[in-house]
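Heads up: the structure comes next, in structure tokens.
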Number of protein chains: 2
Amino acid sequence: MQNKRELFQVMTRRFGLLNKNCCSIGGHDISVAQSHILYEIDQRDHPSMQQIADILGTDITTFSRQAQNLIKMGLLTKQADPNDRRVSLLILTSDGQYIANTINQQMNSYLDEVFSYLTPFEQQTIIHSIQLLNEAMAKSDRCCSPIREE
Amino acid sequence: MQNKRELFQVMTRRFGLLNKNCCSIGGHDISVAQSHILYEIDQRDHPSMQQIADILGTDITTFSRQAQNLIKMGLLTKQADPNDRRVSLLILTSDGQYIANTINQQMNSYLDEVFSYLTPFEQQTIIHSIQLLNEAMAKSDRCCSPIREE
DNA sequence: TAATTTACTTGCAAATAACAAATACTATAA
DNA sequence: TTATAGTATTTGTTATTTGCAAGTAAATTA
């Protein structure tokens, strides 16, 4: 069997590059880090700063400033959690929402193209495999359920 | 079918975090960027600077300095290409080789653990799927065969 | 041999990072 | 109730990383 790491390294590098090329949308230049932040906020219902920072494995101080930048860009707003006023809930603005959607479309469209080179059966198999893999990775405590280090 | 991007985003983030946690080996602290550089050099036979920079999608000036750092750390050497003396061929030192091997082992060992949660059939399916996917991605010119931007 | 191109390096300024300390609020204990 | 400890986030500072512009050196082309 081919070296596992090699397979995954190639695959993840490709996705990494894809993200890197991304994105200039509606006059905004979006960095990789920013697109990940927008994605995760979009994915959740009014998450807190700490939550997103943990998910992305980013230091909270770094994340604080990243969030500030997105706010300056008009893509994000913060709102104090009424239940715990220390907590800032993160909410995409309509611009932010639009950008998150657009990036999502672009990524899906790229994936659609890639999948077009495969038979429907292969496509199914791959989707199913990634699902299995994600579940298996979630079981490992060695890494990478989105948690802080240590 | 579940949103494709979501699946891939989750998967690649996990690998990203795994790489991030990596590595302190033999007194050297290795960053993600550095581990990728070591990996790619190890993977090839005396590649040039430009080659590795292209593969990693890194600006050559940035890469130049990253390489310098690895040289300072004693993990890498450069050697002028006898056929074209503008070109610097990159060669891992034995320390660098050792570190590349160790990271490789760690990653494979993590993958082995993840795979241990799956049946042999599922394992086979996943490996096969990633292979298919890598081949399909290679066919797309939209992205990510390791090339420079534009 | 002059002009162009390619591979790489350096100067610099901007962006990004993380540690430590501060702020603001909440929870707990006496 | 008040002191104490803890959590969420921000800010000061400093180090690192980044990429553009400009430079050097070698190869190629005209």
Side-chain angles (χ1 to χ4, degrees), chain A residues 16-17 19-24 28-38 40-41 44 46-73 75-91 147-150, chain B residues 16-17 19-22 24 28-37 40-41 44 46-73 76-91 146-150:
Chain A
L17 287 173
N19 275 307
K20 213 168 180 174
N21 292 349
C22 179
C23 312
S24 208
H28 294 291
D29 268 345
I30 309 293
S31 73
V32 190
Q34 289 172 336
S35 93
H36 283 173
I37 294 169
L38 296 177
E40 292 301 338
I41 295 173
R44 277 148 245 278
H46 299 191
S48 72
M49 306 264 301
Q50 191 62 254
Q51 233 176 309
I52 299 295
D54 283 352
I55 287 163
L56 296 174
T58 311
D59 189 278
I60 182 67
T61 72
T62 299
F63 183 74
S64 172
R65 277 179 255 244
Q66 288 174 334
Q68 283 169 28
N69 287 336
L70 289 169
I71 290 169
K72 263 190 233 139
M73 294 167 76
L75 305 182
L76 184 61
T77 51
K78 277 193 282 195
Q79 198 177 291
D81 183 338
N83 302 317
D84 182 344
R85 294 186 23 237
R86 290 170 305 178
V87 175
S88 290
L89 303 180
L90 299 172
I91 303 162
I147 45 164
R148 51 187 348 104
E149 324 210 347
E150 271 93 28
Chain B
L17 287 172
N19 275 306
K20 214 167 179 175
N21 292 349
C22 180
S24 209
H28 293 292
D29 269 344
I30 308 294
S31 74
V32 190
Q34 289 172 337
S35 92
H36 283 173
I37 294 169
E40 292 301 337
I41 296 174
R44 277 148 246 278
H46 299 194
S48 73
M49 307 262 300
Q50 193 61 254
Q51 234 176 308
I52 299 295
D54 282 352
I55 287 163
L56 296 173
T58 312
D59 189 278
I60 182 67
T61 71
T62 301
F63 183 74
S64 171
R65 279 179 257 245
Q66 288 172 334
Q68 284 169 29
N69 288 335
L70 289 170
I71 291 169
K72 264 190 232 138
M73 294 167 77
L76 184 61
T77 51
K78 278 193 283 197
Q79 198 178 292
D81 183 339
N83 302 317
D84 182 343
R85 293 185 25 238
R86 291 170 306 179
V87 175
S88 290
L89 303 179
L90 300 171
I91 302 162
I147 44 162
R148 52 186 346 105
E149 324 211 345
E150 270 89 26

Apply side-chain contact (heavy atoms from CB on, under 4.5 Å) to the pair Val87(B) and Gln50(B), showing each step before the final yes or no.
CA-CA 9 Å; Val87(B) 175; Gln50(B) 193 61 254; over 6 Å; no
Starting from C1' on dA7(C), measure out to CZ on Arg86(B) and report it in whole angstrom.
6 Å
Could you tell me whether a side-chain N or O of Gln34(A) sits under 3.5 Å from a main-chain N or O of Ser31(A), the two making a donor and an acceptor?
yes
Please give, in whole Å, the distance from dC25(C) P to Gln50(A) CD?
18 Å
Roughly how many Å is it from CZ in Arg85(A) to C1' in dT23(C), rounded to a whole number?
13 Å
Spacing between Leu70(A) atom CG and dA15(C) atom P, to the nearest angstrom
14 Å
Please name the pair of heavy atoms, one in Leu56(B) and one in Leu17(A), separated by the smallest distance, quoted to 0.1 Å.
O-CD2, 3.9 Å
Out of curiosity, Ile37(B) CD1 to Ile52(B) CD1, how far, rounded to the nearest 0.5 Å?
8.5 Å
Identify the pairs formed between an N or O of the protein and an N or O of nucleotides 17-19 of chain D at a distance under 3.5 Å, and give each distance.
residue, atom, partner, partner atom, Å
dT18(D), OP2, Gln66(B), NE2, 3.0
dG19(D), OP2, Thr62(B), OG1, 2.4
dG19(D), N7, Thr61(B), OG1, 3.4
dG19(D), O6, Arg65(B), NH2, 2.9

To the nearest angstrom, how far is Lys78(B) atom NZ from dA7(C) atom P?
15 Å
Steps toward side-chain contact (heavy atoms from CB on, under 4.5 Å) verdict (Ile55(A), His36(A)):
CA-CA 10 Å; Ile55(A) 287 163; His36(A) 283 173; over 6 Å; no
Rounding to a whole Å, what distance do you find between Ile60(B):CD1 and dC8(C):P?
6 Å
For the pair Thr77(A) (side chain) and Ile91(A) (backbone), establish whether a donor and an acceptor sit closer than 3.5 Å, ignoring hydrogens and angles.
yes
As a quick check of understanding, evaluate side-chain contact (heavy atoms from CB on, under 4.5 Å) for Asn69(B) and Lys72(B), giving each step before the final call.
CA-CA 5 Å; Asn69(B) 288 335; Lys72(B) 264 190 232 138; 3.5 Å; yes
Using OP1 and OP2 only, check whether a side-chain N or O of Gln68(B) sits under 4.0 Å from dC8(C).
no
Please report, rounded to the nearest Å, how far the C1' atom of dT6(C) is from the CE atom of Met49(B).
13 Å
Round to the nearest Å and state the distance from Gln79(A) atom CD to dT9(D) atom P.
14 Å
Please tabulate, one pair per line, each protein N/O and nucleotide N/O from nucleotides 14-16 of chain D that are separated by under 3.5 Å, including the distance.
none

So which atom in Met49(B) and which in Ser64(B) form the shortest heavy-atom distance, rounded to 0.1 Å?
CE-CA, 3.7 Å
Can you tell me how far apart CG (Asp81(B)) and OG (Ser48(B)) are? Round to the nearest 0.5 Å.
8.5 Å
